[in-house]
Amino acid sequence: MSTLAPTGSLVAAGAVDAYKIYGSGENEVRALDGVSVEFMAGRFTAVMGPSGSGKSTLMHCVAGLDRLSRGRVFIGDVDLSTLNDKKLTQLRRSKIGFIFQAFNLVPTLTALENITLPMALAGTKGDQEWVDRVIDTVGLRNRLTHRPAELSGGQQQRVAVARALASRPAIIFADEPTGNLDSRSGTEILSFMRRAVDEFGQTIVMVTHDHLAASYSDRVLFLGDGRIVDEMHEPTAQSVLDRMRRFGE
Amino acid sequence: MFTLALRNLWARKLRVLLLVATIASGVGFIVGSLVFGETITKSFDDLFSTAYRNTDVVVRGAPLYESDFGTVRDRVPGDVVDEVTRVPGVAGAAGLVQFSLTVLDRTGQPVGTGGAPSFGQTWIALDRASPYRLVAGAAPARDDEVVIDRKLAADGPFALGDAITVLSSSGRSSYSVAGVVTFGEQDSAGGANSVLFTPATAQRLTKAGGAWDEIIVVSTGEVSDEQLAGRIEQALSGRPIQAVTAAAVAKENTDALADALSFIDILLLVFGAISVIVATFVIVNTFAILVSQRLRELALLRALGASAEQVRRSVLLEATAIGILGSLAGVGFGLVLALGIKALFAAFGADLPATGLVLTPAMVVVGFVVGIVSTVGAAYLPARKASRVPPIAALRDAALPPARTTVARIAAGAALAVIAGAALASGLAGGEIALVGVASLAAIVAMATLAPLFARALARLLGAPLTRLRGITGTLARENASRSPRRTASTAMALAVGAMLVSFLLVLSASITASVGALVDRDITADFTIDQKTFGPGFPTSVAAEARAVTGVATVTPYRQTQALIGGRVVRIVATDAATFPQVVRLGTITGDLRSLGTDGLAVRADTAATKGWSLGTPVEVTSATGTTTLTVRALYAPKNLADITGDYLVDLAYADQASNDPLDFLLFVRLADGATEAQVRPGLEAVVRQTPTLVLQNREEFKDSRAQRINQILVLFNALLALAILIAGLGIANTLSLSIHERRRELGLLRAVGQTKAQTRSMVRWEGAIIGILGAVLGVALGLVFGIAVVNALGDQGISELAIPASLVVVLVLGALFGVAASWRPARRAARLDILQAIGSE
């Protein structure tokens with residue numbers, strides 16, 4: 001199934017005919033089975049699907065953390081399959097932001113050091129004004145010198161969001177960002193992400209199995225058995241839930 | 001639980017191998033020392049059994065005193081031979097003298113320089129009494145004929161009828177080789193060169209005046225050797241002699257030589273102990289990390305019903321298995337080490353008698369006890385910690401309860417530090433080296449106890465420049481090194497032990513070198529010295545006479561150090577030309593007259609005389625190798641420095657020549673006449689020295705350098721032995737880092753995901769290794785400095801007047817950092833190769 005981009009939008013990242021195959025013969029598992037997808041710039045896309053549907057694999061491959069068996073993935077106009085490990089690493093720290101479910105932060109670094117980590121690794125200062133604005137947006141001004149162990153789970157995840165935004169990446173990948181949080185902190189994180197898209201024009205791709213989280217996105221992709229089986233624009237929690245229920249049938 | 005312990009071992013083969021190697025090195029040194037000691041004893045036992053195998057009883061002079069080199073005895077008067085021969089049961093008796101000499105080959109160079117001693121001896125014409133067997137030629141018939149051993153004949157090379165030149169205390173003389181002998185079945189007596197002279201020549205060379213060193217007696221076999229010895233003593237009662245069975249003499253000689261070589265045993269034991277200590281740190285650390293990694297597994301076992309006791313036992317069982325493997329490897333390593341040392345001796349020309357290595361069951365038991373006890377002992381604390389893991393930890397991310405409070409740690413560390421200080425103080429005051437050893441051990445343990453308290457701060461401090469140097473990579477390295485202070489501290493301590501000893505030796509040797517330099521600068525006024533190239537037996541007094549004849553030479557002052565018995569104690573005595581000595585060595589204020597010492601005068605250091613209550617004119621009984629004489633105190637001297645060149649007692653050569661059986665000079669001080677320059681006189685002196693190839697002519701600077709060189713050679717040897725301990729510490733660092741990386745792999749995955757390149761990952765781990773390395777070096781150098789300064793201060797009155805802190809200590813710090821980098825090479829590569837997704841997804 002192909003997706004149609006709204007006219008006038010730029011494609012931030014995508015995959016063309018992507019296969020990810022583990023094992024061979026009888027044991028062959030197709031985590032991705034011919035996926036083609038485009039993620040539009042300035043949009044918030046959610047990727048949903050039951051366990052084993054390939055949603056995490058898709059995200060890992062598009063984010064340059066894993067390599068495809070066949071097919072192409074690209075960030076902007078860069079084909080990731082043409083990059084060696086070093087170039088890929090450099091691309092990750094300059095073009096991609098990450099928000100993981102847990103253990104997002106380096107425990108030995110302070111909140112501020114964690115936020116600026118990708119830029120520090122690249123050896124650049126980054127845009128100081130922008131970093132300040134991000135910090136204020138997520139409300140971490142008075143926690144900057146704290147280490148992760150001294151922060152609550154919600155605060156840690158806010159640091160992760162700030163880190164992802166701080167380097168102004170072309171695209172942010174979020175892997176179950178609210179999976180470990182209580183509902184209030186979760187809502188807070190999702191609001192920040194929504195604001196980032198609306199106010200800063202940030203592109204976000206989020207893998208989730210939570211229909212409430214998906215309802216914050218502009219568009220939901222549904223994966224099943226390594227293929228894109230459906231998509232939904234302007235989702236609500238209820239419509240997503242209804243669609244997900246059909247997987248069980 | 002037993003199966004589990006074994007499975008754990010098998011699952012971590014490489015780690016086990018590392019621990020086994022660690023233990024094996026310590027056990028190896030200890031077993032090697034035992035094997036070498038026993039092999040030496042056996043070798044010399046064989047040697048002396050051969051030497052006396054045809055002799056039944058030995059008659060020798062009464063003991064005068066015990067010197068550092070064995071019992072000093074009076075010679076046996078020549079007429080005793082006849083008296084002994086008349087004793088019923090004696091088949092024959094012959095007198096024997098033995099003396100050291102240097103054999104020159106045909107080019108005039110000494111044969112076997114660098115180790116193998118050469119000695120001259122009387123050819124025993126007595127039927128079957130000599131251990132030597134003629135294999136070519138004939139016994140020496142004329143006084144200008146000698147017989148040599150087969151090894152010397154080959155080394156020379158000397159053929160029958162060839163001329164052979166020897167240097168003895170009587171100077172240079174030449175002989176014709178009449179025959180070649182073997183020592184029993186061996187080519188030589190334990191590698192030594194033997195030259196056998198006619199009794200008359202031997203008497204002349206030793207100026208023995210008809211007396212003998214010992215008389216060897218052959219029995220008719222009618223009575224036992226013990227009975228025969230008894231008969232001889234009875235028949236000669238009233239004469240100052242002893243009759244002893246040859247077997248007893250062989251045993252005495254063996255014991256004395258084994259005793260003289262025991263320093264090698266002790267050295268190996270010390271390094272074995274050092275290796276064991278370092279290994280203990282590595283084992284404690286490794287087990288501690290393994291336990292914390294297996295926290296959940298252990299908690300699961302507890303949850304499933306394993307008792308705390310069972311958990312503890314499973315860890316200890318694992319340690320026991322490793323200890324057994326390590327001991328086994330260690331015994332093998334010890335044998336190799338003993339072989340290596342034997343080979344080293346052979347390389348220096350001191351061929352030990354061909355005896356196989358001696359390995360007794362007792363040595364194996366000692367090796368295993370050391371290996372197993374140290375391993376299990378080191379694993380005990382981690383094992384106890386493991387048994388305290390609560391079952392609930394299986395279900396949540398619980399940390400282990402802290403083992404010890406800070407207060408208890410400070411108290412324990414302080415107590416150990418006090419013990420170390422006290423042991424050091426009393427050890428130095430009493431001259432007890434063993435106590436200094438105990439002190440250093442206590443200091444190491446004190447440091448290990450206290451180090452976790454300041455390791456974090458110190459690692460941060462040492463790593464502070466890294467942030468500026470390496471940016472975020474540096475910050476991460478620094479923070480990683482300081483995040484687990486206990487682990488970092490104990491990893492660094494393994495290296496600190498080596499660094500401590502290296503820097504202690506550096507301080508000590510630099511201080512000795514500086515002291516020698518200062519001594520030469522300040523207290524020696526001679527222009528040249530004539531010295532032996534290596535530690536030798538001394539050289540003929542004729543050299544001094546020849547040097548005196550060189551134009552431009554004002555005085556030549558021979559210098560010897562000898563031992564004698566004064567007031568019931570064996571003391572060192574300087575023998576020199578008392579008249580010219582003050583012109584080449586500053587003696588400070590001299591009371592009395594050194595010129596008047598002669599054959600019956602004694603000069604004493606003023607403060608020594610004061611403590612004994614002696615003054616000018618006091619008679620003092622002195623026992624030397626030739627008997628007891630009463631000397632009169634004729635001069636007192638008060639050198640400003642306490643250096644040992646002047647000694648406490650000083651006699652003139654006139655006395656020394658008659659007080660020794662084998663008068664040899666050790667060193668000559670040469671002073672030039674007014675107006676003569678070094679350049680003018682040097683060729684003449686060189687010509688004299690060239691006659692005696694064992695000697696070297698040196699001006700003041702050269703003399704200083706050569707002394708410093710000797711000290712440095714010893715330093716190099718010690719550092720080479722320490723290299724193994726340092727290597728173990730390196731393995732320990734590698735071990736800790738790879739285990740730490742395993743623990744942090746999720747974090748590493750995150751760093752890689754958000755943009756850390758592989759090169760940055762490697763750099764981060766290596767810098768962490770560098771910080772640990774430099775931390776170990778800093779701790780070690782600090783301890784080494786404390787001990788070095790303390791020991792140098794204590795040795796102030798032994799001639800080490802200067803304290804020197806060498807700049808090479810900085811090199812130790814740099815090496816520590818480099819060492820940390822080298823040790824972290826593999827862990828760093830492993831960290832960089834981690835699969836990002838697996839790392840992020842891992843528990």
Side-chain angles (χ1 to χ4, degrees), chain A residues 20 31 56-57 59-61 63-67 83-110 112-126 147-149 156 159-160 163-164 166-167 169 172-173 175-176, chain B residues 397 399 456 459-460 463 466-485 487-488 740-741 743-765 767-768 771 829 831-843:
Chain A
K20 180 72 182 179
S56 286
T57 306
M59 189 200 93
H60 290 152
C61 288
L65 292 173
D66 202 354
R67 290 193 186 264
L83 300 181
N84 62 18
D85 183 81
K86 191 177 174 189
K87 292 265 186 247
L88 203 57
T89 305
Q90 285 167 350
L91 176 119
R92 277 203 304 273
R93 71 188 177 205
S94 59
K95 292 276 186 347
I96 302 174
F98 284 101
I99 304 168
F100 296 106
Q101 179 176 0
F103 298 101
N104 247 314
L105 308 178
V106 178
T108 48
L109 299 181
T110 63
L112 180 63
E113 284 170 329
N114 265 293
I115 291 170
T116 55
L117 181 60
M119 289 168 287
L121 285 168
T124 60
K125 283 239 145 209
R147 285 176 198 252
Q156 288 185 28
V159 174
R163 180 189 63 209
S167 57
I172 290 175
F173 291 99
D175 190 357
E176 304 272 15
Chain B
D397 253 338
R456 186 192 300 269
R460 284 246 174 85
L466 276 185
T467 301
R468 225 167 310 136
L469 225 60
R470 278 279 167 276
I472 190 74
T473 308
T475 309
L476 284 166
R478 189 190 69 203
E479 293 304 319
N480 284 337
S482 52
R483 73 199 289 177
S484 172
R487 182 181 300 180
T488 300
S740 298
I741 280 158
E743 277 180 356
R744 289 181 210 148
R745 60 200 188 283
R746 177 144 40 182
E747 184 184 328
L748 286 163
L750 172 71
L751 281 166
R752 295 275 290 120
V754 301
Q756 189 176 49
T757 62
K758 285 185 174 178
Q760 284 175 320
T761 308
R762 283 195 295 267
S763 169
M764 176 180 81
V765 176
W767 278 112
E768 182 182 351
I771 292 176
R829 288 181 46 162
R833 276 206 302 262
L834 273 181
D835 183 90
I836 300 175
L837 285 175
Q838 273 180 19
I840 293 175
S842 62
E843 274 286 312

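All chains are named by letter (A, B, ...) in the order of the sequence lines, taking the proteins before the strands, and each is independently numbered beginning at 1. Keep in mind the model is a prediction, meaning the values are calculated, not measured.
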Any donor-acceptor N/O pair, B:R752 side chain to A:L65 backbone, under 3.5 Å:
no

How long is the span from the OG1 atom in B:T757 to the NZ atom in A:K87, to the nearest 0.5 Å?
11.5 Å

Return the CZ to CG distance between A:R163 and B:L750, rounded to the nearest 0.5 Å.
5.0 Å

Measuring from atom CZ of B:R833 to atom CG of A:D85, what distance do you get when rounded to the nearest 0.5 angstrom?
12.5 Å

May I ask you to check whether over 12 heavy atoms, not counting those of A:K95, lie within 6.0 Å of atom NZ?
no

How many angstroms lie between atom CD of B:E479 and atom CZ of A:R147, to the nearest 0.5 angstrom?
4.5 Å

Could you have a look at A:G97, A:A120, A:G64, A:S94 and say which one has the most heavy-atom pairs with chain B under 4.5 angstrom?
A:A120

When every non-hydrogen atom of A:F98 is compared with those of B:A753, the smallest separation belongs to CE1-O, 3.2 Å

B:Q756 and A:T89 have their tightest heavy-atom pair at O-CG2, 3.2 Å

Looking at B:R829, I want to see if its CZ is surrounded by more than 12 non-hydrogen atoms of other residues, nucleotides or ligands under 6.0 Å.
no

Interface residue of largest heavy-atom contact number with chain B, from A:E113, A:R92, A:K86, under 4.5 Å:
A:R92

From CA spacing to verdict: side chain to side chain contact (heavy atoms under 4.5 Å, CB included), A:L109, B:I472
CA-CA 10 Å; A:L109 299 181; B:I472 190 74; 4.1 Å; yes

Audit row: A:L117, B:L751, side chain to side chain contact (heavy atoms under 4.5 Å, CB included) steps and yes/no:
CA-CA 9 Å; A:L117 181 60; B:L751 281 166; 3.6 Å; yes

Please flag which part of A:L105 lies under 4.5 Å from any non-hydrogen atom of chain B: side chain, backbone, both or neither.
backbone

Option that, when pairs with chain A are counted at under 4.5 Å, heavy atom only, ranks first among B:G471, B:G755, B:S482:
B:G755

Okay, B:R744 and chain A: the region with an atom under 4.5 Å from a heavy atom over there is neither

